[in-house]
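First up is the structure itself, then whatever we jot down about it.
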Amino acid sequence: MIRSELIQKIADDNPHLYQRDVERIVNTIFEEIIDAMARGDRVELRGFGAFSVKKRDSRTGRNPRTGEAVEVEEKHVPFFKTGKLLRDRLNGK
C-alpha cells in the first residue's frame, strides 16, 4: 500500500471527512514520525511496532567488483521492530 492508497482508504471509511483533510492528517503523522526520529527519539505505535534510529560505526568495507578496500563513514539508519499484535496477525494467531 502506498501513501495515496492509505489516504483513499481512510477517506472512504470516513465519508464525513474531506479527502484534503485526510491527506493533511496522514502527512502530519508521517512528518511527526520523521521529525522525532531525526531528533533521535523512538516512536512507538502500540500493537504495530516501534521506529528507532541505530548508529552504525565507521568501518572498512570492500568494493564487490574490484575487492578494493573502501572506508565507510559512520551513519544513522532507521530501524523498525514489529509489535506483538502485528507479529501475531502475520502468523495467523
Side-chain angles (χ1 to χ4, degrees):
M1 175 178 281
I2 59 175
R3 184 184 299 226
S4 60
E5 292 172 340
L6 175 62
I7 292 167
Q8 188 62 50
K9 172 83 169 116
I10 294 171
D12 291 345
D13 290 348
N14 297 281
H16 60 284
L17 295 174
Y18 293 112
Q19 180 152 350
R20 67 177 180 269
D21 293 336
V22 173
E23 186 173 352
R24 194 173 315 141
I25 291 167
V26 169
N27 289 338
T28 301
I29 291 170
F30 287 146
E31 284 300 318
E32 286 300 316
I33 291 172
I34 291 168
D35 290 345
M37 290 179 68
R39 290 190 306 269
D41 295 340
R42 182 173 184 263
V43 178
E44 181 177 338
L45 304 172
R46 293 283 165 115
F48 182 70
F51 298 91
S52 60
V53 178
K54 290 200 174 194
K55 178 184 162 203
R56 289 200 180 152
D57 293 329
S58 59
R59 62 186 172 83
T60 302
R62 295 257 173 232
N63 181 331
R65 235 180 233 177
T66 63
E68 176 186 356
V70 177
E71 287 302 314
V72 179
E73 294 180 1
E74 170 187 288
K75 60 183 164 184
H76 294 87
V77 295
F79 179 75
F80 178 73
K81 182 176 180 187
T82 59
K84 184 176 183 330
L85 181 63
L86 176 59
R87 248 189 334 269
D88 288 347
R89 285 185 93 181
L90 291 175
N91 291 309
K93 294 181 182 177

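Sequential numbering from 1 along the given sequence is applied to the chain's residues. The figures here come from the full heavy-atom set of this structure, side chains too, leaving out hydrogens, waters and symmetry mates.
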Has the side chain of [X] got a donor or acceptor atom that lies under 3.5 Å from a matching backbone atom of [Y]?
X	Y	answer
Arg62	Val70	no
Glu5	Ile2	yes
Asn63	Arg65	yes
Asp41	Met37	no
Arg42	Ser52	no

Heavy-atom neighbours of [X] [atom1] exceed 12 at 6.0 Å:
X	atom1	result
Phe30	CZ	yes
Arg56	CZ	no
Arg87	CZ	yes

For this session: Ignoring hydrogens and angles, state whether a donor on the side chain of Glu71 or Thr60 is under 3.5 Å from an acceptor on the partner side chain.
Result: yes

For this session: Classify the side-chain pair Gln8/Asp12 by whether it contains a donor and acceptor separated by less than 3.5 Å.
Result: yes

Carboxylate-amine/guanidinium proximity below 4.0 Å for [X] and [Y]:
X	Y	result
Asp57	Lys55	yes
Arg46	Glu44	yes
Arg24	Asp21	yes
Asp88	Lys84	yes

Any link between [X] and [Y] through a network of hydrophobic side chains (Ile, Leu, Val, Met, Phe, Trp, Tyr) touching at under 4.5 Å?
X	Y	answer
Leu85	Leu90	no
Leu86	Met1	no
Val53	Phe48	yes

Exercise. Which pair of non-hydrogen atoms, one from Val43 and one from Ala36, has the smallest distance, and what is that distance?
Worked result: CG2-CB, 3.6 Å

Exercise. Which one of Ile7, Asn14, Asp13 satisfies the side-chain contact (heavy atoms from CB on, under 4.5 Å) criterion with Ile10?
Worked result: Asn14

Distance from [X] atom [atom1] to [Y] atom [atom2], nearest 0.5 Å?
X	Y	atom1	atom2	result
Ile29	Leu6	CD1	CG	8.5 Å
Ser58	Lys75	OG	NZ	11.5 Å
Thr28	Ile33	OG1	CD1	11.0 Å

For this session: In sequence, state the C-alpha distance, the side-chain angles, and the governing distance for Asp35 and Arg39, and then conclude on salt bridge (Lys or Arg N to Asp or Glu O under 4.0 Å).
Result: CA-CA 6 Å; Asp35 290 345; Arg39 290 190 306 269; 5.4 Å; no

